[in-house]
Amino acid sequence: MNKHYETARQIYADWGVDTEAALRRMDEIPLSINCWQLDDLTGLEDFDAKLTGGIAATGNAPGKPRSVEEYFDSLNRMLELVPGAKHLALHSVYPLTNGVKVPRNQLRPEHFAPWVDYAREKGIGLDFNPTYFSHPMSESGWTLSSADEGVREFWVEHGIACRRIGAYFGRELGETCVTNHWIPDGSKDTRVDTLGPRERLIDSLNRIFAEPIDRRYNVDSVEGKVFGLGVESYTVGSHEFYTNYALTTGKAIVCMDTGHYHPTESVAAKLTSYLAFGQEIMMHLSRCVRWDSDHVAIANEDTVSIMQELKRCRGFDKVHLGLDFFDASIDRVAASVIGARSVKKALLTALLEPTEHLLKAEAENDLTRRLALLEEFRFLPAGIVFEEYCERHNMPGANWLETLR
């Protein structure tokens, strides 16, 4: 492999790209891996929990964890096959309480203290997600925008509790925790009052974010969606709603999930609309086959385009990269590895792009050369450089699946 890498290194050098610099940069950009792919987002709160709120993991592949021990076995095997900087994104339904059930609005940092010890051991950061679904208090389909004050109060208390847990992660681990808020609220059929729920959601979010928390420790993000299962006609927390909330209040940043837009939309094309105003962004990377199908992320054109856009506009310091998918039709550990390694391959492909040549052609209005180079650069040997990256992290390359099995 070293001989192949030296050849690839020279090919890139001929275009003015330093592969060693790209590999160093890879270790500076963490990828937040979603913990819920490993168990279909059932969580450790209740192994018999049923998903509700438009959340669905389809398939019946064997190997789903049936205990905390089995879950951590899956988690350990996954992390051993993903090279480079990593965070682990937890949902609030993954507390470690020795079987004691704690109401979600009463969750505390101590219920996640073992996760901090685990993260220290693995040398990774932690991100967090309140779980505003799969709960008796969400059966109506309404949470933070509910007209029922009791329901709304419960979920506001949950959001406040989760922010404190996120801040705890950040303080203890020295890496900023992104606490991401997504709610399932909406209407299956035509909604007459579309303003009221959004006004209630604004009030709920303001109450959740009222407590000042040092942004070095916790940053809150709000995740929009076009529509959801059972809320096809009206989604309270739309992309436009959260964009306006983030920009006008400054209390949170926008989370952009690549599966939460119309299939013809390019998420990559949206990024500089936020970065031009100095806005931070949280990204959830999945693969949209038919709208929000939550397929495992791959290094397809959509994913590579996002990474290229961030590289070209020097946006990596403003954008948090994370995964969000759950596929129960294939081996769950392998699915996590495929998604994480694919996004890292897309990232490396972007870092290795001879961008200066493209910018020069564009500045000179040589559009023919720009298109020709864009096509030629697709087939530069980024895969060989990724194999070298894996080897330097003492992990298998393309044959990793055999190691897992």
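If you're wondering where the values come from, they're calculated on a predicted model, not measured in any experiment.
- Tested against Met307 for a side-chain contact (heavy atoms from CB on, under 4.5 Å), the candidates Leu348, Ile29, Leu321, Thr349 yield a single pass: Leu321.
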Please lay out, stage by stage, how Thr42 and Lys64 fare under the test side-chain hydrogen bond (donor to acceptor under 3.5 Å, both in side chains).
CA-CA 10 Å; Thr42 301; Lys64 179 180 176 179; 2.7 Å; yes
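- If you take SG on Cys162 and CH2 on Trp155, they are separated by 9.0 Å, rounding to the nearest 0.5 Å.
- If you look at Phe133 and His91, their ring centroids are closer than 6.0 Å.
- Nearest heavy atoms, Leu358 versus Arg370: CD2-O, 3.9 Å.
- With Tyr168 as the aromatic partner, Arg163 does not meet the cation-pi criteria of under 6.0 angstrom to the ring centre and within 45 degrees of the ring axis.
- Counting heavy atoms of neighbouring residues, nucleotides and ligands inside a 6.0 Å radius, atom CZ of Arg120 exceeds 12 of them.
- Asn218 and Thr179 share a donor-acceptor pair across their side chains, judged by distance under 3.5 Å alone.
- Under the 3.5 Å distance criterion, the side-chain polar atoms of Ser187 are left unmatched by any main-chain donor or acceptor of Thr190.
- Not a single donor-acceptor pair under 3.5 Å links the side chain of Lys318 to the backbone N or O of Ile281.
- When the ring-ring contact (aromatic ring centres under 6.0 Å, His included) test is applied to Tyr94, the partners found at least two apart in sequence or on another chain are Tyr71.
- A distance below 6.0 Å separates the ring centres of His181 and Phe209.
- Using modelled atom types and a 3.5 Å distance limit, the side chains of Glu387 and His4 yield no donor-acceptor pair.
- For the pair Phe169/Val116, a side-chain contact is recorded, criterion being any heavy-atom separation below 4.5 Å from C-beta on.
- Side-chain contact of His87 with Glu175: a donor-acceptor pair under 3.5 Å is present, judged by distance alone.
- Salt-bridge check for Glu362 with Arg312: failed, with every basic side-chain N at 4.0 Å or more from each acidic carboxylate O.
- What you find for Gln308 and Ala350 is that their closest heavy atoms are N-CB, 3.5 Å.
- Of all the heavy atoms in Leu201 and Leu144, the pair that sits closest is CD1-CB, 3.7 Å.
- Counted by atom type alone, Asn129 and Trp36 present zero donor-acceptor pairs between their side chains at under 3.5 Å.
- Evaluation of the salt bridge (charged side-chain N to carboxylate O under 4.0 Å, His left out) rule for Lys345 yields no partner, not counting sequence neighbours.
- Environment of CD in Glu110: crowded, with over 12 heavy atoms of neighbouring residues, nucleotides or ligands closer than 6.0 Å.
- Using a 3.5 Å distance cut-off with no hydrogens or angles, the side chains of His158 and Tyr132 do not pair a donor with an acceptor.
- Taken to the nearest 0.5 Å, the CZ atom of Phe128 stands 9.5 Å off from the SG atom of Cys35.
- Residues forming a side chain to side chain contact (heavy atoms under 4.5 Å, CB included) with Lys122 (at least two apart in sequence, or on another chain): Asn76, Leu79, Tyr118, Ile124.
- Considering all non-hydrogen atoms of both residues, Lys311 and Leu351 come closest at NZ-O, 3.5 Å.
- Listed by first then second residue, pairs satisfying ring-ring contact (aromatic ring centres under 6.0 Å, His included) with a partner in residues 228-250 read His239-Tyr261, not counting sequence neighbours.
- Annotation: the span from Trp400 atom CH2 to Arg341 atom CZ amounts to 7.0 Å, rounded to 0.5 Å.
- Put simply, the side chain of Lys86 gets close to the backbone of Val82: a donor and an acceptor are under 3.5 Å apart.
- For Asp327 and Ser329, the side-chain atoms include at least one donor-acceptor pair closer than 3.5 Å.
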Let's go through Glu232 and Lys225 carefully: what are the C-alpha distance in whole Å and the side-chain angles of both, what is the deciding distance for salt bridge (Lys or Arg N to Asp or Glu O under 4.0 Å) to 0.1 Å, and is it a yes or a no?
CA-CA 11 Å; Glu232 291 83 0; Lys225 203 167 189 175; over 6 Å; no
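- Here the CZ atom belonging to Arg24 is positioned 12.5 Å from the OH atom belonging to Tyr389, to the nearest 0.5 angstrom.
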Between Glu356 and Lys360, does a salt bridge (Lys or Arg N to Asp or Glu O under 4.0 Å) hold up when you go through it step by step?
CA-CA 6 Å; Glu356 294 305 316; Lys360 183 174 185 295; over 6 Å; no
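- For residues 45-57, the set of pairs meeting the side chain to side chain donor-acceptor pair (under 3.5 Å) definition, not counting sequence neighbours, comprises Glu45-Arg104.
- A salt bridge links Arg207 with Glu153; the closest basic N to acidic carboxylate O contact falls under 4.0 Å.
- Atom CD of Glu301 is surrounded by 12 or fewer heavy atoms from other residues, nucleotides or ligands within 6.0 Å.
- Inspection of the His262 and Thr264 side chains reveals no N or O donor paired with an N or O acceptor under 3.5 Å.
- Considering all non-hydrogen atoms of both residues, Val236 and Ser145 come closest at CG2-OG, 3.7 Å.
- Donor-acceptor pairing under 3.5 Å is recorded for the side chains of Thr131 and Ser92.
- Formation of a donor-acceptor pair under 3.5 Å by the Thr235 side chain with backbone atoms of Gly237 is not found in this model.
- Here the side chain of Arg287 pairs a donor or acceptor atom with the backbone of Val296 at under 3.5 angstrom.
- Ser273 meets the side chain to side chain contact (heavy atoms under 4.5 Å, CB included) test with no other residue; sequence neighbours excluded.
- The backbone N or O of Cys177 lies less than 3.5 Å from no partner atom in the side chain of Asp127, so there is not a single donor-acceptor pair.
- Side-chain polar atoms of Asp14 and Gln10 form a donor-acceptor pair below 3.5 angstrom.
- For the pair Arg332 (side chain) and Ala61 (backbone), a donor-acceptor distance under 3.5 Å is present.
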Salt bridge (Lys or Arg N to Asp or Glu O under 4.0 Å) assessment of Glu80 paired with Arg77:
CA-CA 5 Å; Glu80 289 170 356; Arg77 290 188 292 134; over 6 Å; no
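- Taking the six-membered ring for Trp, Trp182 and His284 have ring centres at least 6.0 Å apart.
- A side-chain donor-acceptor contact under 3.5 Å links Arg108 to the backbone of Gln106.
- Minimum interatomic distance between Val231 and Pro184 (heavy atoms only, all atoms of both residues): CG1-O, 3.7 Å.
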Audit row: Ser286, Asp324, side-chain hydrogen bond (donor to acceptor under 3.5 Å, both in side chains) steps and yes/no:
CA-CA 6 Å; Ser286 65; Asp324 187 1; over 6 Å; no
Check against side chain to side chain contact (heavy atoms under 4.5 Å, CB included), Ile298 and Thr303
CA-CA 7 Å; Ile298 60 174; Thr303 308; 5.6 Å; no
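- Around atom CG of Asn399, more than 12 heavy atoms belonging to other residues, nucleotides or ligands sit under 6.0 Å away.
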